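No experiment lies behind these values; they were computed from the predicted model shown. No hydrogens, no waters, no symmetry mates; every other heavy atom, side chains included, goes into these values.
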Amino acid sequence: MPPKAKRTPRGDLVAPPVFARILPENVGGHVDDGASVYKRLASWSDAAVPSDAKQARVTLVDGHGETHYAFPKRVFGPSASQEELFREVARPLLRTYLDADDPQSAFVFAYGQTGTGKTYTLMGPEESLSEPKHDLRGLFPRIVDEVCATLAARKRNHPERVAAFALSVTAVEFYFCQGFDLLDDHAQVRVEKGELIGARSVEVKTASDTTRVLNAVRDKRTTA
């Protein structure tokens with residue numbers, strides 16, 4: 001089968017899929033202590049099927065009334081599982097990244113206030129870092145597992161196309177406009193012309209390797 005034609009680069013901006021996740025019930029932050037806050041979460045709706053009459057949206061309320069945000073493609077409620085987020089958020093990107101004929105770069109970005117569940121979603125809770133296949137592990141270890149499994153299957157089934165492969169990971173923290181390597185004792189790194197310079201790469205082959213990387217990141221990352 002001839003390789004697919006390369007995609008023509010687009011000159012316009014393309015809106016990426018945006019997902020919203022309501023803080024999972026087991027993460028904390030749900031206690032209402034009576035303190036006055038400017039904005040509160042009023043409600044959310046989840047249109048898992050695009051043809052649904054209702055829209056996926058989040059509603060916040062403040063002194064001026066309600067504000068509706070309908071930009072998310074999907075809203076995950078507090079009971080949504082880590083596996084569910086992986087299937088719907090990360091796996092479609094992985095298909096693009098792992099395309100055998102025309103692989104594309106992929107990017108997952110988590111945004112939110114401190115304590116809203118970004119680390120829980122991306123890495124998993126602390127207890128999940130004690131075993132490689134923990135049910136609560138986050139997007140990152142699941143992504144690494146799927147990449148390794150996919151490439152191993154290709155090597156086994158199509159040795160003429162995949163003779164060998166290696167998967168490496170870097171972990172860099174940007175804090176106060178400076179970059180620090182979380183896998184090299186917080187050594188400083190820099191960015192030149194869009195390229196990351198000086199970051200250490202660690203090869204991962206198994207789920208246990210991934211767990212060790214995540215534990216190192218957890219120990220070194222800055223929290224406040």
Side-chain angles (χ1 to χ4, degrees), residues 1-11 14-19 73-74 81-110 118-119 121-124 128-174 179 181-184 187 189-218 220-221:
M1 178 182 295
K4 297 178 184 177
K6 291 290 184 179
R7 296 187 180 100
T8 303
R10 298 188 58 151
V14 179
V18 177
F19 300 87
K73 176 180 179 181
R74 171 86 192 270
S81 68
Q82 299 282 70
E83 174 64 20
E84 187 177 355
L85 262 80
F86 170 72
R87 287 198 312 266
E88 300 208 27
V89 176
R91 184 163 279 157
L93 291 173
L94 274 176
R95 292 195 185 104
T96 301
Y97 175 71
L98 293 170
D99 188 302
D101 298 308
D102 187 18
Q104 301 289 310
S105 295
F107 183 65
V108 178
F109 178 68
K118 300 184 299 297
T119 301
T121 297
L122 291 178
M123 297 173 61
S128 74
L129 304 183
S130 62
E131 57 182 271
K133 297 287 187 177
H134 198 285
D135 287 343
L136 294 179
R137 68 191 188 278
L139 290 182
F140 177 76
R142 293 172 190 271
I143 288 169
V144 174
D145 284 351
E146 182 128 332
V147 171
C148 286
T150 300
L151 294 179
R154 286 183 187 170
K155 180 182 177 183
R156 183 173 59 252
N157 299 327
H158 303 284
E160 74 284 358
R161 300 190 65 178
V162 181
F165 69 90
L167 180 63
S168 62
V169 173
T170 59
V172 174
E173 171 182 79
F174 289 93
D181 192 342
L182 299 182
L183 298 180
D184 190 16
V189 299
R190 65 187 190 279
V191 176
E192 293 183 0
K193 298 180 179 179
E195 294 294 328
L196 189 61
I197 307 298
R200 180 188 178 197
S201 292
V202 176
E203 186 174 357
V204 291
K205 297 180 179 180
T206 66
S208 296
D209 294 339
T210 307
T211 302
R212 282 193 289 272
V213 169
L214 288 175
N215 275 295
V217 170
R218 179 193 62 185
K220 293 296 182 181
R221 75 188 189 96

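- Of the inter-residue distances, the one linking Phe140 atom CZ with Thr210 atom OG1 reads 6.0 Å to the nearest 0.5 angstrom.
- Asp184 contributes no side-chain N or O that, together with a main-chain N or O of Arg200, makes up a donor-acceptor pair within less than 3.5 Å.
- Partners of Glu192 under the salt bridge (Lys or Arg N to Asp or Glu O under 4.0 Å) rule, at least two apart in sequence or in another chain, are Arg190.
- Side-chain contact between Val172 and Leu182 is absent, with no heavy atoms from C-beta onward closer than 4.5 Å.
- Scored by the side chain to side chain donor-acceptor pair (under 3.5 Å) test, Ser128 finds no partners at all (sequence neighbours excluded).
- The nearest pair of heavy atoms linking Leu122 to Pro141 is O-CD, 3.8 Å.
- Every residue two or more places apart in sequence or in another chain that forms a side chain to side chain donor-acceptor pair (under 3.5 Å) with Thr121 is listed here: Arg21.
- Looking at Tyr97 and Ile143, their side chains never come closer than 4.5 Å, going by heavy atoms from C-beta outward.
- Of the inter-residue distances, the one linking Met123 atom CE with Thr211 atom OG1 reads 10.5 Å to the nearest 0.5 angstrom.
- By the 6.0 Å contact criterion, CD on Glu203 is enclosed, its count of non-hydrogen atoms from other residues, nucleotides or ligands being greater than 12.
- Lys220 pairs by the salt bridge (Lys or Arg N to Asp or Glu O under 4.0 Å) definition with Asp185, not counting sequence neighbours.
- Phe109 pairs by the side chain to side chain contact (heavy atoms under 4.5 Å, CB included) definition with Phe107, Tyr111, not counting sequence neighbours.
- Side-chain contact between Val189 and Ile197 is absent, with no heavy atoms from C-beta onward closer than 4.5 Å.
- A donor-acceptor pair is defined here as one N or O able to donate and one able to accept, closer than 3.5 Å; such a pair exists between the side chain of Asn215 and the backbone of Leu129.
- Considering only residues two or more places apart in sequence or on other chains, Pro92 meets the side chain to side chain contact (heavy atoms under 4.5 Å, CB included) condition with Arg95.
- Looking at residues two or more places apart in sequence or on another chain, you find a side chain to side chain contact (heavy atoms under 4.5 Å, CB included) between Asp209 and Val204, Lys205, Thr206, Arg212.
- Remark: Glu84 pairs with Arg74 by the salt bridge (Lys or Arg N to Asp or Glu O under 4.0 Å) rule, at least two apart or across chains.
- Remark: Arg218 pairs with Glu126 by the salt bridge (Lys or Arg N to Asp or Glu O under 4.0 Å) rule, at least two apart or across chains.
- For Ala153, the side chain to side chain contact (heavy atoms under 4.5 Å, CB included) partners are Arg156, Asn157, not counting sequence neighbours.
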Run the side-chain donor-acceptor check on residues 161-171: report pairs under 3.5 Å with partners two or more places apart or on a different chain.
from, atom 1, to, atom 2, distance (Å)
Arg161, NH2, Asp101, OD1, 3.0

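- A distance of 11.0 Å separates OG1 in Thr119 from CG in Leu214, rounded to the nearest 0.5 Å.
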Inset, instruction - Report the C-alpha separation of Leu98 and Arg154 in whole Å, then their side-chain angles, then the decisive distance to 0.1 Å, and conclude whether the side chain to side chain contact (heavy atoms under 4.5 Å, CB included) test is met. - result: CA-CA 11 Å; Leu98 293 170; Arg154 286 183 187 170; 4.0 Å; yes
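- With a 4.5 Å cut-off on side-chain heavy atoms, Leu94 and Thr150 do not count as touching.
- Residue pairs meeting the side chain to side chain donor-acceptor pair (under 3.5 Å) criterion with at least one member in residues 132-146, sequence neighbours excluded, are Glu83-Arg142, Arg91-Glu146, Lys133-Asp145.
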